[in-house]
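Everything on this sheet refers to the single structure shown next.
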There are 2 protein chains.
Amino acid sequence: MDFSIGELARRTEVKVPTIRYYEQIGLLPPPPRTEGQQRRYGKNATARLAFIKHARELGFDIEAIRALLSLQDNPDQSCSVADRIAKARLAEVEERIASLNALRTELQRMVKECASGRVAECRVIDTLADSSHGHGRLVET
Amino acid sequence: MDFSIGELARRTEVKVPTIRYYEQIGLLPPPPRTEGQQRRYGKNATARLAFIKHARELGFDIEAIRALLSLQDNPDQSCSVADRIAKARLAEVEERIASLNALRTELQRMVKECASGRVAECRVIDTLADSSHGHGRLVET
DNA sequence: GTAGTCCCTATAGTGACTAGAGGTTCAAGA
DNA sequence: TCTTGAACCTCTAGTCACTATAGGGACTAC
């Protein structure tokens, strides 16, 4: 109880500058300070930061997390909003998995057919140069 | 033959500012200009841009593409470098797919268990608040 | 000649941090 | 009590791969 930002960073495995950044954008409330202006945290901050960290690991963006946190702060509301956010994220993830599977197939083919000879015969280069490969939104953003 | 940047954008489905950006960072050579300083492109530029576009769709970053292009420009070298780049990218993609599958499972569970009641019983919020979920690097970067 | 579309450069903004400079505070040992 | 050195502070700028905006100039069709 009542520890420094470095200790919070160690406990949650979130880097110190990232914690300050979350405070700056309003995901974490400004904590009390020592006389010398150093931040002091307690159990609540640890839980809230763990929540944020886990949500980030699940790929929720900051705005989604902001919405989820405000739900958590008002536990008497309907959770249909949380449900909607999670469903949207699930759909994104499933789409991403499908894209990456297509991508893996193409990369595997490229690698398999590359005999590591000269570039002139290289399938990796050839495949990339072949403009017939149209597939929207494969790139990870 | 000999068309504007807008026409190149239409043919390759790469946006105009993106084309100028690729020129600025040296992926595309500076093209000839009209008297009024407008860019004029030909077949070579189209092929090179299609190569870049495809590589980006496959998730190669700009530096990898720079390396691949320089191989393409010198077709007498060994293509082991290209092979290595493609293999590294394949490994990344496979790791990413594994992470996303884990993620999907967790999201599916969250959504399934959310009865859309009050937030107090919401599994979405609960799951995120549960700090026992340690899994490294699930987040897409 | 003029309207309207396209093009030009240059700069700033995006998201989610990360790195650095330059200075201050804290905790532990002598 | 003093000193050392790690940890802390703020502020600014940089990352990646674009994207958007401002304020203008060029080109094409009528």
Side-chain angles (χ1 to χ4, degrees), chain A residues 2-28 30-41 45 49 51-69 85 88-89 92 96 136-141, chain B residues 2-28 30-41 45 49 51-69 89 92 96 136-141:
Chain A
D2 218 50
F3 39 83
S4 73
I5 196 169
E7 180 60 27
L8 179 62
R10 243 164 279 125
R11 291 183 189 203
T12 57
E13 298 183 283
V14 174
K15 285 176 193 145
V16 169
T18 304
I19 297 172
R20 287 197 275 248
Y21 169 70
Y22 287 160
E23 180 183 330
Q24 193 197 313
I25 63 172
L27 283 195
L28 289 174
R33 306 267 186 145
T34 64
E35 278 194 18
Q37 297 309 313
Q38 300 199 355
R39 293 167 177 82
R40 286 296 169 246
Y41 296 95
L49 184 52
F51 183 102
I52 295 168
K53 191 200 176 200
H54 191 196
R56 285 295 297 132
E57 284 170 347
L58 290 176
F60 292 96
D61 64 20
I62 298 289
E63 286 319 301
I65 294 173
R66 209 187 288 281
L68 291 169
L69 282 169
I85 293 170
R89 181 68 196 138
E92 274 171 42
R96 182 72 54 93
R137 307 285 325 126
L138 264 185
V139 69
E140 290 124 285
T141 47
Chain B
D2 217 49
F3 38 83
S4 73
I5 196 169
E7 181 59 26
L8 180 62
R10 242 164 280 125
R11 291 183 189 203
T12 57
E13 299 182 283
V14 173
K15 285 176 191 148
V16 168
T18 305
I19 296 172
R20 286 196 277 249
Y21 169 70
Y22 287 159
E23 180 184 330
Q24 194 196 311
I25 63 171
L27 283 193
L28 289 175
R33 305 266 187 146
T34 63
E35 277 194 19
Q37 298 308 312
Q38 299 198 356
R39 292 168 179 83
R40 287 295 169 246
Y41 296 95
L49 185 51
F51 182 101
I52 295 169
K53 192 199 176 199
H54 191 196
R56 285 294 298 134
E57 284 170 347
L58 290 175
F60 291 96
D61 65 20
I62 298 290
E63 286 319 300
I65 294 172
R66 209 186 288 281
L68 290 168
L69 282 169
R89 180 70 197 137
E92 274 170 42
R96 181 70 53 93
R137 307 289 322 128
L138 265 186
V139 71
E140 290 123 285
T141 47

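Below, chains carry the letters A, B, ... as their sequence lines are ordered, and counting in each starts from 1.
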Practice problem: Search all heavy atoms of A:Arg56 against all heavy atoms of A:Phe60 and return the closest pair with its distance. | Solution: NH1-O, 2.7 Å
Quiz item: Do B:Leu28 and B:Ile52 pass the side chain to side chain contact (heavy atoms under 4.5 Å, CB included) test, and can you show the C-alpha distance, the side-chain angles, and the key distance before you say yes or no?
Solution: CA-CA 9 Å; B:Leu28 289 175; B:Ile52 295 169; 3.9 Å; yes
Practice problem: Please round to 10 degrees the angle between the axis of the first five pairs and the axis of the last five pairs in the helix from C:dG1-D:dC30 to C:dA30-D:dT1. | Solution: 10°
For residues 15-22 of chain A, which side-chain N or O atoms pair as donor and acceptor with protein atoms under 3.5 Å away, sequence neighbours left out?
none

Exercise. For nucleotides 20-30 of chain D, just jot down a letter per nucleotide in 5' to 3' order: B, S or -, based on protein non-hydrogen atoms under 4.0 Å.
Key: -----BSS---
Quiz item: If you round to the nearest 0.5 Å, how far is CD1 of A:Ile85 from CG of A:Leu68?
Solution: 4.0 Å
Practice problem: List in chain and number order the residues that pass side-chain hydrogen bond (donor to acceptor under 3.5 Å, both in side chains) with B:Gln37, two or more places apart in sequence or in another chain; answer none if no residue qualifies. | Solution: none
Exercise. Could you identify which residues of residues 4-14 of chain A place a heavy atom less than 4.0 Å from some atom of DNA chain C, listed by residue number, or say none?
Key: none
Self-check item: Distance, nearest 0.5 Å, that separates CD1 of A:Ile62 from CD1 of A:Ile25
Solution: 4.0 Å
Exercise. Just jot down the side-chain hydrogen bond (donor to acceptor under 3.5 Å, both in side chains) partners of B:Glu13, sequence neighbours excluded, or say none.
Key: none
Practice problem: Within residues 60-67 of chain A, find the residues that approach DNA chain D with a heavy atom at under 4.0 Å, and present them sorted by residue number. | Solution: none
Exercise. State the OH-CD distance between B:Tyr41 and B:Glu23, to the nearest 0.5 angstrom.
Key: 5.0 Å
Quiz prompt | Integer-rounded Å distance: D:dC8 C1' and A:Arg33 CZ | solution = 10 Å
Quiz item: At under 4.0 Å, does any side-chain N or O of A:Arg39 touch on OP1 or OP2 of D:dC9?
Solution: yes
Quiz item: Does the cation-pi check pass for A:Arg10 over A:Phe3, that is, NZ or CZ under 6.0 Å from the six-membered ring centre and within 45° of its axis?
Solution: no
Exercise. List in chain and number order the residues that pass side-chain contact (heavy atoms from CB on, under 4.5 Å) with B:Ser4, two or more places apart in sequence or in another chain; answer none if no residue qualifies.
Key: B:Glu7, B:Arg40
Exercise. Quick one: pull up CZ in B:Arg39 and CD1 in B:Ile5 and give me the separation to the nearest 0.5 Å.
Key: 5.0 Å
Quiz item: When you measure from every atom of DNA chain D, which of residues 18-27 of chain B have a heavy atom less than 4.0 Å away?
Solution: B:Thr18, B:Tyr21, B:Tyr22
Self-check item: side-chain contact (heavy atoms from CB on, under 4.5 Å) against A:Glu63, all qualifying residues, sequence neighbours excluded
Solution: A:Asp61, A:Arg66
Practice problem: Under 4.0 Å from any heavy atom of chain B: name the first and the last nucleotide of DNA chain C that qualifies, 5' to 3'. | Solution: C:dC7 to C:dT9
